[in-house]
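Input: a single structure, listed below in structure tokens.
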Amino acid sequence: MTSDTVRVRFAPSPTGYFHVGGARTALYNWLFARHHGGKFILRIEDTDRTRYQPQALPDLLEALRWLGLCWDEGPQVGGGYGPYYQSDRQELYQEYAQQLVKEGHAYPCYCSPERLRQVREEQRAAGIPPGYDRHCRDLTEKEIAEYEAQGLKPVIRLAAPLEGTTSFDDLLRGHITVNNRQLDDMVLLKSDGFPTYHLANVVDDHLMEITHILRGEEWLSSVPKHVLLYDAFGWEMPVQAHLPTILDPSGEGKLSKRKKQTPGKKEMPTFVHEFREAGYLPEAMVNFLALVGWAYDGQTEFFTRDELIRYFELEGVSKSPSAFSYDKLEHMNAAYIRELGQNDLAGRLMRVLQEEGLDADFETVLQAVPLIQTRIRTLKDAIPLLDFFFVEEIDYDPELLIQKGMGAEGTVEALKAAREILAAMESFDREMLEATLRQAAKDLDLGLGPFFGGVRVACAGRRVAPPLFGMLAILGQVTVVERLDKAIRLLAESA
RNA sequence: GCCCCCAUCGUCUAGUGGUCUAGGACACAGCCCUUUCAAGGCUGCGACAGGGAUUCGAGUUCCCUUGGGGGCACCA
């Protein structure tokens, strides 16, 4: 294959929020296109009016942009093969369907949905594979005229061969053959005039000169039907590669089909926008997603975008379904956060803090970044480590102040001592704070843990907080003394 | 029920007949470091689904079984 002829497409249907599984498919298509210097096309398959969701399209476009998967042709960017919305291509599908009817490859079917359902039920009851019984396949001109006279709107069905076999090659799975008896006469054009996936997909892939189809494994069993269509049209079928399914972390069932609520467990994101909101970095998502079903050498796990483009090969794509590991994603996200420049991280944290309703200022966040950079796995993890910098009064349970082995009274004494020492300091920088407080602990004969622990809770309102000295320096002497005073008062009151 | 696909540690995977007493990563456990929590360092736990066949030799090839996944719409 010549590298400049590769054309791949990602063709989602706007029926809901954009899912990570779809993102992985889009990513592989994008990587494949970039690797071969080809084109990545985005096509919107909006042919189902009943499932259409208006928020799905903006969600999809935003998610793809967030992940950095820019498309060369498609919505908002145009291209020479448009339109890229199938709803704008209706006449095209109707023409092609009519062509097939004319040539005897397809026929109108007037069966009602009720009849079809009934047929299926009977088949199921009888233990035979469900499928259309080809009731309308050999209608006479007269019968057709009668149906039309009744005002019935037909669907157009493909006249699939009754015998023989159909086979094709999948780049990942090799040669696949099915018995034509398994194929039924699929609907190409619905009675509302819209095409089904099968027709629209085949027509568009041909017209858009798609060279490689990389899509989810769930499509594998409909490829034989597509082969029939390509044959009927006399077109060459693009190269096929069916990507393994992404499974729920339990390994049971597709991630996209998982029940959102697992009792007793926290709800994990599955939509791309949810990952963004949860504080995952797009570069980490891309790196991680690339590795769900693909490996380079089994050793390297961190790749820049350019490295992914350079190394990505279909040959490295796994055939078996893979579970989606949130643990590994978090690990990778944390690693990416650690690699971020301080200004960069601070900027990203600002957005998260503001979304949380905190009145954060960039300077303070930037100062705090070195304290928390190794402590957060997602951007959202920063909230409990930073929120107390940006509120007037912190609110917490006074019980938290009490340190192990010190009791309430001992803690009050330690806090009072710390308050006096801190209030008396002339310079409040990190080094000075560390030197002073360490000396104080020694002088007071107090353990570092309990002594520092009380001050930490008094100033942060939490037992887990950023490293003490840096935190105090950022808070500033006035605030620190105020908070210590309050802590002493609270503890005295509750005792 | 029928059809298709798949099968290495709990998970993601490396492995394309001999270098495999099977490598890496996540998770988990222990130790070190340590003011909390992390990060970091070291160590440990842990897999070729089962059975046949081919071969001097099989994780690697073939068959069967089992298991898992997907599909069987006027949805994509």
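In the text below, chain A, chain B and the rest are named by the order of the sequence lines, each starting its count at 1. Note that this is a predicted model, so its numbers are computed, not measured.
Atom CZ of A/Arg463 and atom P of B/C37 are 11 Å apart (whole Å). Rounding to whole angstrom units, CD of residue A/Gln299 and C1' of B/G23 are separated by 6 Å. Rounded to whole Å, atom P of B/A76 lies 12 Å from atom CE of A/Met186. Rounded to an integer number of Å, the gap from A/Lys319 NZ to B/U8 C1' is 14 Å. One can place CG of A/Leu401 at 18 Å from P of B/U36, the figure rounded to the nearest angstrom. If you take CG of A/Leu289 and C1' of B/C12, they are 13 Å apart, rounded to a whole angstrom. The distance between atom CG of A/Leu199 and atom P of B/C75, rounded to the nearest whole Å, is 12 Å. Summarising the geometry, the separation between CG on A/Leu188 and P on B/C75 is reported as 12 Å, rounded to the nearest angstrom.
Among the atoms of the strands shown, only primed sugar atoms or phosphate atoms (P, OP1, OP2) are found under 4.0 Å from some heavy atom of A/Arg338. Within the 4.0 angstrom heavy-atom criterion, base atoms lie near A/Val155. Using a 4.0 Å heavy-atom cutoff across all strands shown, A/Ala465 reaches at least one base atom of the nucleic acid. Using a 4.0 Å heavy-atom distance criterion, A/Ser320 is classed as a sugar-phosphate-only contact. Contacts of A/Arg120 with the nucleic acid, taken as non-hydrogen atoms under 4.0 Å apart, involve only primed sugar atoms and P, OP1 or OP2. Heavy atoms of A/Thr47 sit under 4.0 angstrom from primed sugar atoms or phosphate atoms, though from no base atom. As judged by a 4.0 angstrom heavy-atom cut-off over every strand, A/Cys111 is placed among the base-contacting residues. Looking at heavy-atom distances under 4.0 Å, A/Phe469 makes contact with a base. Across all strands shown, A/Arg157 has heavy atoms under 4.0 Å from sugar-phosphate atoms exclusively, and none from any base. No contact: A/Pro12 has no heavy atom under 4.0 Å from any strand. Looking at heavy-atom distances under 4.0 Å, A/Leu468 makes contact with a base. A/Pro14 comes within contact range of no nucleotide atom at all, as no heavy-atom separation falls under 4.0 Å.
Nucleotides B/G51 and B/A25 are separated by 33 Å at their C1' atoms, to the nearest Å. Spacing of C1' atoms, B/G10 relative to B/C4, comes out at 28 Å, to the nearest Å. Comparing the P positions of B/C12 and B/A27 gives a spacing of 15 Å, expressed to the nearest Å. Spacing of P atoms, B/A49 relative to B/G67, comes out at 15 Å, to the nearest Å. With both ends at atom C1', the span from B/C42 to B/U35 equals 24 Å, rounded to whole Å. Nucleotides B/G1 and B/U60 are separated by 36 Å at their C1' atoms, to the nearest Å. Comparing the P positions of B/A53 and B/G59 gives a spacing of 15 Å, expressed to the nearest Å. Comparing B/G15 with B/C9, their P atoms are spaced 16 Å from each other, to the whole Å.
Nearest nucleotide to the A/Ser322 side chain, out of B/C74, B/U13, B/C3: B/U13. Relative to the side chain of A/Leu220, the nucleotides B/A76, B/C5, B/A73 differ in distance, and B/C5 lies closest. Nearest nucleotide to the side chain of A/Pro321, out of B/A38, B/C74, B/C6: B/C6. Listed nucleotides: B/G70, B/C74, B/C4. Nearest to the side chain of A/Pro113: B/C74. Comparing B/G69, B/C74, B/A76 by their closest approach to the side chain of A/Leu247 singles out B/G69. Which of B/G1, B/G24, B/C75 sits closest to the side chain of A/Glu301 comes down to B/G24.
When atom types are taken as modelled, the side chain of A/Arg463 and the backbone of A/Leu400 share a donor-acceptor pair closer than 3.5 angstrom. Here the side chain of A/Gln240 pairs no donor or acceptor atom with the backbone of A/Leu171 at under 3.5 angstrom. A donor-acceptor pair under 3.5 Å links the side-chain atoms of A/Arg173 to the main chain of A/Lys319, judged by distance alone. Looking only at distances, no side-chain donor or acceptor of A/Asp205 sits under 3.5 Å from a matching main-chain atom of A/Ile210. At least one donor-acceptor pair closer than 3.5 Å links the side chain of A/Gln373 to the backbone N or O of A/Ile337.
The partner of B/U21 cannot be assigned: no Watson-Crick or G-U wobble pair with both contacts below 3.5 Å exists in any strand. Across every strand in view, B/A7 sits in a pair with B/U66 that passes the Watson-Crick or G-U test at under 3.5 angstrom. When both pairing distances are held under 3.5 Å, B/G40 makes a Watson-Crick or G-U pair with B/C32. Across every strand in view, B/A47 sits unpaired, with no contact that passes the Watson-Crick or G-U test at under 3.5 angstrom.
Look at A/Thr196 and you won't find any side-chain N or O under 4.0 angstrom from OP1 or OP2 of B/A76. OP1 or OP2 of B/A76 lies within a sub-4.0 Å distance of a side-chain N or O belonging to A/Lys190. Close to B/U35, at under 4.0 Å from its OP1 or OP2, lies a side-chain N or O of A/Arg438. Remark: A/Arg462 is not in phosphate contact with B/U36, judged by side-chain N or O atoms under 4.0 Å from OP1 or OP2.
Checked against the 6.0 Å centroid threshold, A/Trp294 and A/Tyr311 do not count as a close aromatic pair.
In this structure, CG on A/Leu158 lies 8.0 Å from CZ on A/Arg137, to the nearest 0.5 angstrom.
Comparing A/Glu434 and A/Arg173 by the nucleotide of RNA chain B whose heavy atom lies nearest to each, the residue mapping closer to the 5' end is A/Arg173. Judged by closest nucleotide on RNA chain B, A/Gly293 is the one of A/Gly293 and A/Gly131 placed further toward the 5' end.
Here the closest heavy-atom approach between residue A/Cys459 and residue A/Phe388 is recorded as O-CD1, 3.9 Å.
Judged by distance alone, with hydrogens and angles left aside, A/Ser191 brings a side-chain donor or acceptor within reach of the base of B/C74, the pair sitting under 3.5 Å. For A/Ser13 against B/A76, no side-chain N or O and base N or O form a donor-acceptor pair under 3.5 Å.
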Quiz prompt | Nucleotide-resolved protein contact map, nucleotides 27-33 of chain B, B/S/- at heavy-atom distance under 4.0 Å | solution = S------
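No side-chain donor from either of A/Tyr84 and A/Asp204 sits under 3.5 Å from a side-chain acceptor of the other. Looking only at atom types and distance, the side chain of A/Arg377 has no donor-acceptor partner in the side chain of A/His331 under 3.5 Å away.
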Practice problem: Go through A/Phe452 and A/Phe469 one step at a time and tell me if the side chain to side chain contact (heavy atoms under 4.5 Å, CB included) criterion holds. | Solution: CA-CA 9 Å; A/Phe452 293 170; A/Phe469 316 118; 3.5 Å; yes
Practice problem: Take A/Asp387 and A/Arg462, measure what salt bridge (charged side-chain N to carboxylate O under 4.0 Å, His left out) needs, and give me the verdict at the end. | Solution: CA-CA 11 Å; A/Asp387 57 359; A/Arg462 304 193 137 91; 2.8 Å; yes
